[in-house]
Amino acid sequence: MKRLAWMSLVLVMAAALALAAGCGPQKGSQPPKITKERMTTTQPEPAPSTAPPAKAATSELLLPTAATSSFLSEQSFVMDWLVLGPFEFKDTDFGGDQQQAATDKEFMPNEGGLDGRQPAPTGTSWKALRFKGDAGIGQVNLDKLYNQIEHAAAYAVAWLDCPRDVKDAKLYVGSDDYLKVWINGKLIHTYKTERRASAADQDVVPGLALKKGLNRVVVKCVDVVLDWDFYFRLTDAAGKPMTVKAKG
Ligand SMILES: [Ca+2]
Ligand SMILES: [Ca+2]
């Protein structure tokens, strides 16, 4: 009799433990918790980091004063970029010889949120580089970097350290061929009209806001054929150049 009582007690305890562990019928009828967790963790895009990765150089912006010269120098251009690429496509993609639609193809998810921390897809890599302006001051030469390939896109990320909030900066860019520019996650310029040879200052975007501290810039540059490069500089509202001082 005593032995039977012990066995009953063990069985009752085992049943209680099974219930507590969620094996009971009441728990099993509830929606699985993991579904909700998956939805909340994968749906929103991760917020881009507010600081550059360790390998990236930042560029300090010096705002122009009355004494600042209007002549351009290498220091008028952003030359430190964290470049991700190349994303190659076929000469038959996007229809026709102009292939403007490549400019709108998202080779990476959340392009404007790129910050150098996203894993590089197979065949591409992040490279922290200081460009030299081969064909002219300010040129960021992607064709040379990627061995003169054709039909390809790349992203370039820069971190600009601004001494104070600026509400009305101007952006001057040039590109061979197509270009998109985001500043702090906001798309502020697209060029995809037709293939072109580049020069500094082909496009001007006024009324730009920069914030005090680090500003994250993403440039997407698309090459159809031949040369592949871009130029990027900032001025005040009157067009006087900001000076870019490399840090790190
Ligand atoms: Ca090329
Ligand atoms: Ca080209």
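For ligands, and for the atoms within them, numbers begin at 1 and follow the listed sequence. Computed from a prediction, not measured in an experiment: that's the story for all the values here. All residue numbers refer to positions in the sequence shown, counting from 1.
- Salt bridge annotation for Lys144-Asp134: present, with a cationic side-chain nitrogen under 4.0 angstrom from a carboxylate oxygen.
- For residues 214-242, the set of pairs meeting the ring pair (Phe, Tyr, Trp, His ring centres under 6.0 Å) definition, not counting sequence neighbours, comprises Trp81-Phe230, Trp81-Phe232, Tyr146-Trp228.
- A side-chain contact (heavy atoms from CB on, under 4.5 Å) with Tyr191 holds for exactly one of Thr103, Val222, Asp203; it is Asp203.
- Considering only heavy atoms from C-beta on, Val181 comes within 4.5 Å of Leu171 through its side chain.
- For Asp176, the N, O or S atom closest to the Ca ion (ligand 2) goes by the atom name OD1.
- Atom CD of Gln148 is surrounded by 12 or fewer heavy atoms from other residues, nucleotides or ligands within 6.0 Å.
- Closer than 3.0 Å to the Ca ion (ligand 1) sit the protein N, O or S atoms Asp143 OD1, Ile149 O, Glu150 OE1, Asp223 OD2, Leu226 O.
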List the atom pairs, donor and acceptor, that lie under 3.5 Å between side-chain atoms in residues 160-169 and the rest of the protein, sequence neighbours left out.
unit_1: Asp161; atom_1: OD2; unit_2: Lys247; atom_2: NZ; d: 3.1
unit_1: Asp165; atom_1: OD1; unit_2: Lys212; atom_2: N; d: 2.7

Identify every side-chain donor-acceptor pair in residues 87-98 under 3.5 Å, counting partners at least two apart or on other chains, and give the distances.
unit_1: Asp93; atom_1: OD2; unit_2: Lys90; atom_2: N; d: 2.9
unit_1: Gln98; atom_1: OE1; unit_2: Tyr178; atom_2: OH; d: 3.3
unit_1: Gln98; atom_1: OE1; unit_2: Arg195; atom_2: N; d: 2.8

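- Summary: OD2 is the N/O/S atom of Asp177 found nearest to the Ca ion (ligand 2).
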